[in-house]
Visitor: 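Got a structure for you, questions after.
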Amino acid sequence: MKSILEKNAPELLEKKVKEKRTGLPDLKNAENGKVVLRFAPNPNGPLSFGHSRGVVINSEYAKRYEGKWILRFDDTDTVRKPPLPEAYQLIQDEVQWLTGKPADKVVIASNRIETYYEFASKLIKKGGAYVCTLSADAFREFRQNKTNSPDRSRSPEENLKLWEKMLNGDFSPGEAVVRIKTDMTLPNPALRDWPALRIQDTENNPHPRNEIKSKYKVWPLLDFQSAIEDHLQGVTHIIRGKDLMDSTRKQTLLYNHFEWTYPETVYWGRVKIHEFGGFSTSGMRNDIEEGKYRGWDDSRLPTLASMRRRGFSAEGLRNFWIELALTQKDISASMATIYSHNVKIIDESTPRLFFVREPIEINLENGNEEIPRVFNTQVHPEDIKLGLRKWEISKENTTIYLEKKDLELAKNNNYKIRLKDFADIEINGNKAKINSINPSEKLPIIHWLDSNNCTKATLETTIEDELELIHGMLEKSNHVKVQSIVQLERIGYAKLEHENELIFLHD
RNA sequence: GCUCGAUUGGUGUAGUCCGGCCCAUCAUCUCGCCCUUUCGAGGCGAGGACCCGGGUUCGAAUCCCGGAUCGAGCACCA
């Protein structure tokens with residue numbers, strides 16, 4: 001059989017060789033050079049770790065299809081989710097850091113309110129939308145009963161008048177809303193005459209941007225604003241959470257009124273990180289204002305700012321999200337996976353350094369051998385090009401530091417231990433003598449410091465959701481600049497945040 | 001309740017459209033070994049999964065029917 005096929009129809013055999021796909025799936029109907037994507041966070045705080053998924057996925061697709069992606073600030077709720085003025089810039093900085101370049105375009109919804117008004121007017125004129133003066137509760141009845149409300153039958157002219165009254169401020173919040181006319185008998189209740197624009201009390205809840213403040217009383221809701229803007233910007237593909245599936249359906253109904261074609265849409269599920277509890281942007285904002293956290297970059301917070309501060313590499317984060325790919329499953333990932341991605345990026349270029357926690361002073365004396373005058377080892381064990389760590393060691397009154405914990409380790413080993421890259425020693429009280437330079441027997445190897453070649457330093461870390469400051473001695477090094485990542489041998493990776501101040505990254 | 005959607009090892013994925021080469025991929029994880037003067041990195045090996053029940057078929061992770069479980073929407077939030 002096979003040989004017959006080989007002879008007569010070899011393509012049938014070849015077709016069976018399936019290629020394995022990794023990373024992001026292809027986008028449907030994606031034409032190279034023509035793809036336009038967007039990511040639309042609410043600027044009520046800087047980006048959370050979860051948001052970074054949106055930035056990474058959209059920018060990666062834009063790169064793959066040589067298209068562009070728009071960063072859009074959906075800042076249309078001044079009451080419940082008031083924007084944070086500084087977030088607009090913070091988010092753009094974070095995007096730059098994460099993707100290595102700015103978004104291709106930035107759109108701020110609150111700058112475009114009048115444009116949204118135009119489309120609302122147009123649709124009301126066409127009879128595709130109407131002003132509804134029912135209360136939310138009253139309308140709910142009609143939605144549940146699949147019956148038309150009396151307001152629904154008003155003529156476009158009457159609706160236009162009411163719309164003008166809304167804009168003029170003749171209605172208070174809750175008294176009038178613009179609804180998109182769909183069909184009250186639609187099986188999905190979420191789609192029945194859904195609300196598109198509402199009134200907000202911007203006297204008491206002004207928009208935080210100075211140029212906006214109390215300028216508008218009527219504000220579009222997400223489904224309307226987003227749909228109009230996507231069309232105006234020529235968005236071809238929308239990647240959004242599956243919680244917005246009904247938004248797609250609502251917006252498609254709106255697009256039908258205008259006879260526009262809706263973009264291709266793909267969904268992702270929720271992502272939980274085992275180690276992070278439930279955090280919301282507004283919750284974090286409260287806690288920060290109350291002083292519970294030191295800021296958005298507090299290392300206990302699941303924000304991009306925090307991860308960036310701790311020293312995560314943007315590339316590692318990107319790889320993490322790409323590997324998670326795009327599925328509608330609600331997923332629960334572990335920090336271990338993120339660490340693993342990060343280590344792959346940083347390990348080969350990260351200088352090694354000794355940091356002795358809770359240092360105990362020991363006087364080092366000559367023993368079977370004299371104290372060597374120099375300590376010499378590589379900055380990176382696998383890469384000599386990164387240079388050498390070299391200390392001059394005084395031969396008189398030589399004081400070294402060992403970790404308290406390592407003293408216990410030595411105790412369990414007849415007080416004999418090996419100082420890494422240096423010598424075997426035997427400890428006796430606060431003194432130690434050198435037994436041999438070369439490793440004479442298999443001893444535990446510990447890191448250590450010479451008092452003339454180190455300085456006091458602190459390591460900030462998180463233990464059970466509390467910030468801890470570990471005091472210790474840090475090796476002096478001219479290979480490590482402030483803000484760079486180091487590996488504290490036998491401890492883990494950390495960032496030298498300031499002179500003599502380290503912040504723990506991960507182990 | 002109504003309406004959507006998802007279901008592959010501990011975790012995340014590939015494969016599902018167009019059934020066989022899938023005794024199921026890759027990564028993470030765990031364990032073992034090697035290497036290494038770090039509890040790091042690297043190398044090698046092992047462990048572990050097609051939600052359940054029927055059906056169609058020579059053959060089902062893949063198709064059909066039923067069920068279960070989980071999640072989301074039904075806000076004048078985003």
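Throughout, a chain's letter reflects where its sequence line sits, starting with A, and its residues are numbered from 1.
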Visitor: Under 3.5 Å, is there a donor-acceptor pair linking the side chains of A:Tyr493 and A:Asp347?
Guide: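 A donor-acceptor contact under 3.5 Å links the two side chains.
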Visitor: Would you please name every residue forming a side chain to side chain contact (heavy atoms under 4.5 Å, CB included) with A:Leu221, sequence neighbours left out?
Guide: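 A:Pro195, A:Arg198.
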Visitor: Can you give me the N/O atom pairs linking the protein to nucleotides 46-52 of chain B at distances under 3.5 Å, or say none if there are none?
Guide:
none

Visitor: Would you tell me if any nitrogen or oxygen in the side chain of A:Thr327 comes within less than 4.0 Å of OP1 or OP2 on B:rG12?
Guide: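 It does not, given that no N or O in the side chain of A:Thr327 lies less than 4.0 Å from OP1 or OP2 of B:rG12.
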Visitor: On RNA chain B, compare the nucleotides closest to A:Ile445 and A:Arg53; which residue's is nearer the 5' end?
Guide: A:Arg53
Visitor: Could you measure between the two C1' atoms, the one in B:rU16 and the one in B:rC31, and give it in whole Å?
Guide: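 Pairwise C1' distance, B:rU16 against B:rC31, rounds to 33 Å.
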Visitor: Side-chain donor-acceptor pair under 3.5 Å between A:His447 and A:Glu403, yes or no?
Guide: yes
Visitor: Among residues two or more places apart or on two chains, list those pairs meeting ring pair (Phe, Tyr, Trp, His ring centres under 6.0 Å) that have a residue in residues 180-207 of chain A.
Guide: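 Applying ring pair (Phe, Tyr, Trp, His ring centres under 6.0 Å) to every pair that reaches into residues 180-207 of chain A, excluding sequence neighbours, yields A:His207-A:Trp219.
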Visitor: Can a donor-acceptor pair be found between the side chains of A:Asn438 and A:Ser436 at a distance below 3.5 Å?
Guide: no
Visitor: How far, in whole Å, is B:rU25 from B:rA14 if one measures between their C1' atoms?
Guide: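 Going atom to atom, C1' in each nucleotide, I get 5 Å.
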Visitor: Measure from CH2 on A:Trp219 to P on B:rC77 and round the result to the nearest Å.
Guide: 13 Å
Visitor: Starting at NE2 of A:His506 and ending at P of B:rC39, how long is that distance when rounded to a whole Å?
Guide: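 It works out to 18 Å between those atoms.
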